[in-house]
Amino acid sequence: MKVALITLLIVLSSVIAAEKHEATQPIEAQEGGKAPLQYRTNPPTNLENDTLTCKRLDGNFSDLNSYIYSRRLGQEHPQPPMEQYRNRTRLVLEDLRKGIVTLEIFPVHSSDSGRYKCFIRKQNITFNFTIVVTSKKKTASAGIKTNPDAEPTKHPNVWGIVIPIVLGLGLVLVVIFRWNVIKPWLSNIVRRRRDKEESSEKETLKTQEAERDEQALQWSSQKRGAGGRQRIPSVGTGGGSDDR
């Protein structure tokens, strides 16, 4: 009876202490970009001093040679990472205090496509990731085919460039071959403009001379009027002396 009870307790404790496996959606990442592996504890728990390990599951890797990142008691990489992931993984330390594990792989290589497993020791939680890497060329071509809102390519208006050039060349040819006809016509236009300017200058000079003559006439009239007013008192004085 005691043996059966002890066995039952052992089985129950092993079930309670069993790892919690969490699966996540596949992560799509562009080659050369960033692939974030993220897991949130529920309820949020500070994970700063916890032990975290992340491994690559697929491929020909041994258990000791499959680490991409490890952290123990605040120290990073107690287990050396795989050579192809060296200096390409970063854990966001600010998120650990909030109970969030955010491990970033940057820059992403095409060989990063595959399955990954991370383990939080104190929480006894294992969560799996799958990364799917797309190449830049495929992403660009897919964007062109599947984007209905993309603006159509605008081609330059060829006729808007050719027509002005043809008209300009035609005008030059006309000027060259018809210069004997165009030259007198241009000379006539220049002569008329020059005659018009000379005529305008003459009219301006006539107007200025007329204004000067008028000013001179007014000045002489004023001068004669002033002289007549000066002689009137002398005549009056002479008359008075004759009457006496």
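Numbers here are sequence positions counted from 1. Because the structure is a prediction, the values reported are computed rather than measured.
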Requested in this report: Could you walk me through whether Tyr116 and Leu57 pass side chain to side chain contact (heavy atoms under 4.5 Å, CB included), step by step?
Outcome: CA-CA 5 Å; Tyr116 298 81; Leu57 293 182; 5.8 Å; no
List the atom of [X], the atom of [Y], and the distance in Å for their closest heavy-atom pair.
| X | Y | result |
| --- | --- | --- |
| His109 | Val133 | O-CG2, 3.5 Å |
| Leu73 | Asn49 | CD2-O, 4.0 Å |
| Val108 | Gln30 | CB-O, 3.8 Å |
| Cys118 | Phe129 | SG-CE1, 4.2 Å |
| Thr89 | Ile68 | OG1-O, 3.5 Å |
| Gly114 | Asp58 | CA-OD2, 3.0 Å |

[Y] and [X], any side-chain heavy atoms less than 4.5 Å apart:
| X | Y | value |
| --- | --- | --- |
| Leu93 | Leu91 | yes |
| Gln208 | Leu205 | yes |
| Val101 | Ile120 | yes |
| Ser111 | Gln84 | yes |
| Glu31 | Thr134 | no |

Query - Donor on one side chain, acceptor on other, Tyr69 and Gln79, under 3.5 Å - result: no
Between atom [atom1] of [X] and atom [atom2] of [Y], what is the distance when rounded to the nearest 0.5 Å?
| X | Y | atom1 | atom2 | value |
| --- | --- | --- | --- | --- |
| Leu52 | Leu103 | CG | CG | 7.5 Å |
| Ser113 | Glu28 | OG | CD | 10.0 Å |
| Ile163 | Ile165 | CD1 | CD1 | 10.5 Å |
| Lys196 | Arg192 | NZ | CZ | 11.5 Å |
| Ile27 | Asp112 | CD1 | CG | 11.5 Å |
| Cys54 | Arg71 | SG | CZ | 12.0 Å |

Report task. Flag yes if Ile100 and Ile125 sit in one hydrophobic cluster, no otherwise; membership is Ile, Leu, Val, Met, Phe, Trp, Tyr, and two members link when side-chain heavy atoms are under 4.5 Å apart. Result -> no
Do [X] side-chain atoms and [Y] backbone N/O form a donor-acceptor pair below 3.5 Å?
| X | Y | result |
| --- | --- | --- |
| Thr45 | Pro43 | yes |
| Ser199 | Asp195 | no |
| Ser70 | Thr53 | no |
| Thr41 | Gly99 | yes |

Requested in this report: Apply salt bridge (charged side-chain N to carboxylate O under 4.0 Å, His left out) to Asp50 and list each qualifying residue two or more places apart in sequence or on a separate chain.
Outcome: none
Requested in this report: Using the side chain to side chain contact (heavy atoms under 4.5 Å, CB included) rule, take Lys117 and Thr126 through it: C-alpha gap first, then chi angles, then the decisive distance, then the call.
Outcome: CA-CA 7 Å; Lys117 180 180 74 172; Thr126 298; 3.3 Å; yes
Report task. Please state whether the rings of Tyr39 and Phe127 are parallel, tilted or perpendicular, taking 30° and 60° as the class boundaries. Result -> parallel
Query - Partners passing side chain to side chain donor-acceptor pair (under 3.5 Å) against Arg86 (at least two apart in sequence or in another chain) - result: Glu83
Query - Of all pairs that satisfy side-chain hydrogen bond (donor to acceptor under 3.5 Å, both in side chains), the ones with a partner from residues 92-106, not counting sequence neighbours - result: Gln38-Thr102, Glu48-Arg97, Arg90-Glu104, Asp95-Thr102
Requested in this report: Mark yes when over 12 heavy atoms from residues, nucleotides or ligands other than Arg40 sit less than 6.0 Å from its CZ; otherwise mark no.
Outcome: no
